[in-house]
2 protein chains.
Amino acid sequence: MVVTSGHTVAGDDMDDANPVGPPPKRKPITARELARLMGVSQSAVSRAFTPGTSISPQLRQRILRAAAELDYHPNAIASMLSTRRSNIAGIVVSEMQNPFYPTLIEKLSRELQRVGLQSLMFNITRGSNIEEQLVALRKYNVDAVVVVSATVLSGASLRWATEGRAAVLVNRTIPDQTLTSVSCDNVEGARAIADHFHAIGRRQVAYVGGLPHTSTNLERQNAFITRVAELGMTLTHTLSGGEYSYEAGYRAALEIGQAKRTDAVFFANDILAIGGFDAFKDGLGLLVPEDIAVAGFDDVDMTRWPRYSLTTFRQPVDAIIERTVSLIIEQLSNEDFSPSQNPLSGELLIRHSTVGGRGLEKIGLPLPPQEQR
Amino acid sequence: MVVTSGHTVAGDDMDDANPVGPPPKRKPITARELARLMGVSQSAVSRAFTPGTSISPQLRQRILRAAAELDYHPNAIASMLSTRRSNIAGIVVSEMQNPFYPTLIEKLSRELQRVGLQSLMFNITRGSNIEEQLVALRKYNVDAVVVVSATVLSGASLRWATEGRAAVLVNRTIPDQTLTSVSCDNVEGARAIADHFHAIGRRQVAYVGGLPHTSTNLERQNAFITRVAELGMTLTHTLSGGEYSYEAGYRAALEIGQAKRTDAVFFANDILAIGGFDAFKDGLGLLVPEDIAVAGFDDVDMTRWPRYSLTTFRQPVDAIIERTVSLIIEQLSNEDFSPSQNPLSGELLIRHSTVGGRGLEKIGLPLPPQEQR
DNA sequence: TTGAAAGCGGTACCAA
DNA sequence: TTGGTACCGCTTTCAA
């Protein structure tokens, strides 16, 4: 870990990497100028732009009209300084290979926008200087921090970075649960997959994980293994892809398929599963799901492609975002707010990768959308 | 368009959507306090944190050490106010269904970080209030704006939003070219695809576009059509998917395939192409590339999946980012900077979707990676 | 309701 | 090299 005992080494603030050159630009009109031009006080201008302040509707209208005329907009920086609120949420993201996350982040930032928070992105990647990013997070005085599955951050650095501000971890937890987190209920999901495998008569099952030490992976893996045991099924493999990638899934599937004693595989996410699917089908010539059933997790767009029609556990993206934003707002308004863990229910989507042919009708389930065309 | 004549309607700044509640938090230590504690001047503290200022190494060290001790970090907001530089780049993004963009944006924001610019995201979508976002862009005083293929913005609003600041349009241009843009050379790419189709003996070709009125789409379409004519090939279809999606590609391919007079199709991006590929193969039972060759554009990860092995024109992502960042820096430092258009060379990647079986060897090309395993 | 003035936490110029 | 001080542009008392 880079952040030690809540402090940071001395030299670190120096390398500010100023993006060069001469300072400002042609300056826009200020509230004072506008006020002078209109013969009112600068405070009046400020009030005109602040809902709920005591100013006569007439004056406010005059001012707003003049402002529009002169293209005046209150300088957000200046008001940040005096209000000590930035109206900015820092979004800490790491690896985004999984298409699930770009989607989530886009929606999240849109929702945050809706409640008046702009999103400042902090990319935390193996490559980048992590501590520098955390320091930046604090210097920019963000009101809130949303950490989206940043596996590379320790609990200690997370606490330091989020200290004194609203914070939510999405799809990630820290062991001591001192930070509030919102996530898909991984245990529910993994159990549902195990139950489904059992229901369709599979008994020799395998698990393929992604990044081994992430809470997401561990929760899914443990819940799956436990449920598999409860149901009396045999766990033939517990593999780790090492990353959440197509290639990792492909490789793991080759290993499992060649051993020929597995009839259902739960991949920790959809990308792994799709890689596995292709490996089984094209690489090994197996039939999916007849020879081997494949299930993923997340429900990314690709799972609905006819080619795959992948059974998966849908993460409740909208609910996750909604809860995240409301928890942020709550923390922003409540002095005393205690951290909570918020596992949110997802949904098992049964498709052709586990129930082939007309099997879906047989068990009375609706056809996946692409079959209804 | 929402922004009219560079102005904005009066009421608009009011709905600031303040994310609620009591203002501040427990305040961190300030430079003045630190200075007082150390018995030095507040200016000294400022200097200690500003590279290239005249301060003795000893004093600087003392101050930095003390700062680390007390967990002092300069308040970025305050310095923004006095320097009139935010060290923030606004990234304007719109629809991100195309996996090409999340990747690009992640890399871009990382590069911007490297030169000291944090990325503030502005989601511009049909759903969101576009003008509000542009106003926010100005209020936050971002130093630079990078517009990533925001198709929904008119040239006028773009100029208004970027006025007086460094700006680069990525993969997008505006007709009058008053804004500098960096993009993949679409003309080169489309011609390369046409040439390739011709080289592999195809003569009945089709084009499937995405969002019809985007500069990207138009450039690719026109260049392709022109080249096809030059080569004496027949253009059997010019379709517009209406959007860059798998489904759109799928639908377009069904139409083309059923007409049975096309032997090669250029899809305006990879996602369309992959949808088309599946439609040809699974939907219509055609052989790709024997019956019909398929080419895309972008080179997203999925094109390399063995299942698809899609011939595509690779966008020079790294070069695009590098150029974008350097143009930003240039604009930041140069008073007089004139807008330029920067089409960057990409690369045709020939894979199995146009040259099947051992065809790649026959024409002396390297095998795609997945074949080398 | 309105105006005057004191911050908010830095930067930068000036004099010492 | 240092310290003193006038801003940066807005918010927020406090009086009027």
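Naming convention: chains lettered A, B, ... in sequence-line order (proteins, then strands); numbering from 1 in each chain. Worth knowing before you read on, the calculation uses all heavy atoms, side chains too, and leaves out hydrogens, waters and symmetry mates.
- dG3(C) atom C1' lies 11 Å from atom CG of L59(A), rounded to whole Å.
- Considering only the side chain of S54(A), dT1(C) comes nearest among dG3(D), dT11(D), dT1(C).
- Note: OH (Y140(B)) to P (dC10(D)) measures 15 Å, nearest angstrom.
- Atom CZ of R36(B) is separated from atom P of dT2(D) by 21 Å (rounded to the nearest Å).
- Residues passing the side chain to side chain contact (heavy atoms under 4.5 Å, CB included) test with A161(B) are L134(B), L137(B), sequence neighbours excluded.
- Panel note: side chain R85(A), backbone N141(A); no donor-acceptor pair is recorded below 3.5 Å.
- If one axis is set at each end of the helix from dT1(C)-dA16(D) to dA16(C)-dT1(D) from five pairs, those axes are 40° apart, to 10°.
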Sort me out a list of protein N/O and nucleotides 13-16 of chain C N/O pairs below 3.5 Å, or just none if empty.
{"unit_1": "dC13(C)", "atom_1": "N4", "unit_2": "R47(B)", "atom_2": "NH2", "d": "3.3"}

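- With sequence neighbours left out, R159(B) forms a salt bridge (charged side-chain N to carboxylate O under 4.0 Å, His left out) with D176(B).
- Contact annotation for V40(A): backbone-only contact, meaning every heavy-atom pair under 4.0 Å involves sugar-phosphate atoms and none involves a base.
- In this structure, I55(A) atom CD1 and dT11(D) atom C1' are separated by 14 Å, rounded to whole Å.
- Each of A44(A) and I29(B) was assigned the nucleotide of DNA chain C with the nearest heavy atom; the assignment lying further toward the 5' end belongs to A44(A).
- Scanning for side-chain hydrogen bond (donor to acceptor under 3.5 Å, both in side chains) contacts around S86(B) gives D143(B), with sequence neighbours left out.
- Contacts of E322(A) classified as side-chain hydrogen bond (donor to acceptor under 3.5 Å, both in side chains), with partners at least two apart in sequence or in another chain: none.
- In this structure T162(A) satisfies the side chain to side chain contact (heavy atoms under 4.5 Å, CB included) test together with V145(A), A167(A), L179(A), sequence neighbours excluded.
- Between the side chains of S154(B) and S157(B), at least one donor N or O lies within less than 3.5 Å of an accepting N or O.
- Checked against side chain to side chain contact (heavy atoms under 4.5 Å, CB included), L81(B) has the following partners two or more places apart in sequence or in another chain: I77(A), A78(A), L81(A).
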Please write out the pairs of protein N or O atoms and N or O atoms of nucleotides 6-9 of chain C separated by less than 3.5 Å, giving the distance to one decimal.
{"unit_1": "dG9(C)", "atom_1": "OP1", "unit_2": "R84(A)", "atom_2": "NH2", "d": "2.4"}
{"unit_1": "dG9(C)", "atom_1": "N2", "unit_2": "A78(B)", "atom_2": "O", "d": "3.4"}

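- In this structure, Q61(B) atom CD and dT1(D) atom P are separated by 15 Å, rounded to whole Å.
- Every residue meeting the side-chain hydrogen bond (donor to acceptor under 3.5 Å, both in side chains) condition with T53(B), not counting sequence neighbours, appears here in chain and number order: R60(B).
- The separation between N87(B) atom CG and dG10(C) atom C1' is 14 Å, rounded to whole Å.
- Evaluation of the side-chain hydrogen bond (donor to acceptor under 3.5 Å, both in side chains) rule for S109(A) yields N123(B) as partners, not counting sequence neighbours.
- By the side chain to side chain contact (heavy atoms under 4.5 Å, CB included) test, E33(B) pairs with I29(B), T30(B), R36(B), sequence neighbours left out.
- The interatomic distance linking R85(A) (CZ) with dG9(D) (P) rounds to 23 Å, in whole Å.
- Residue S56(B) is classed as a sugar-phosphate contact, given heavy-atom separations below 4.0 Å to backbone atoms only.
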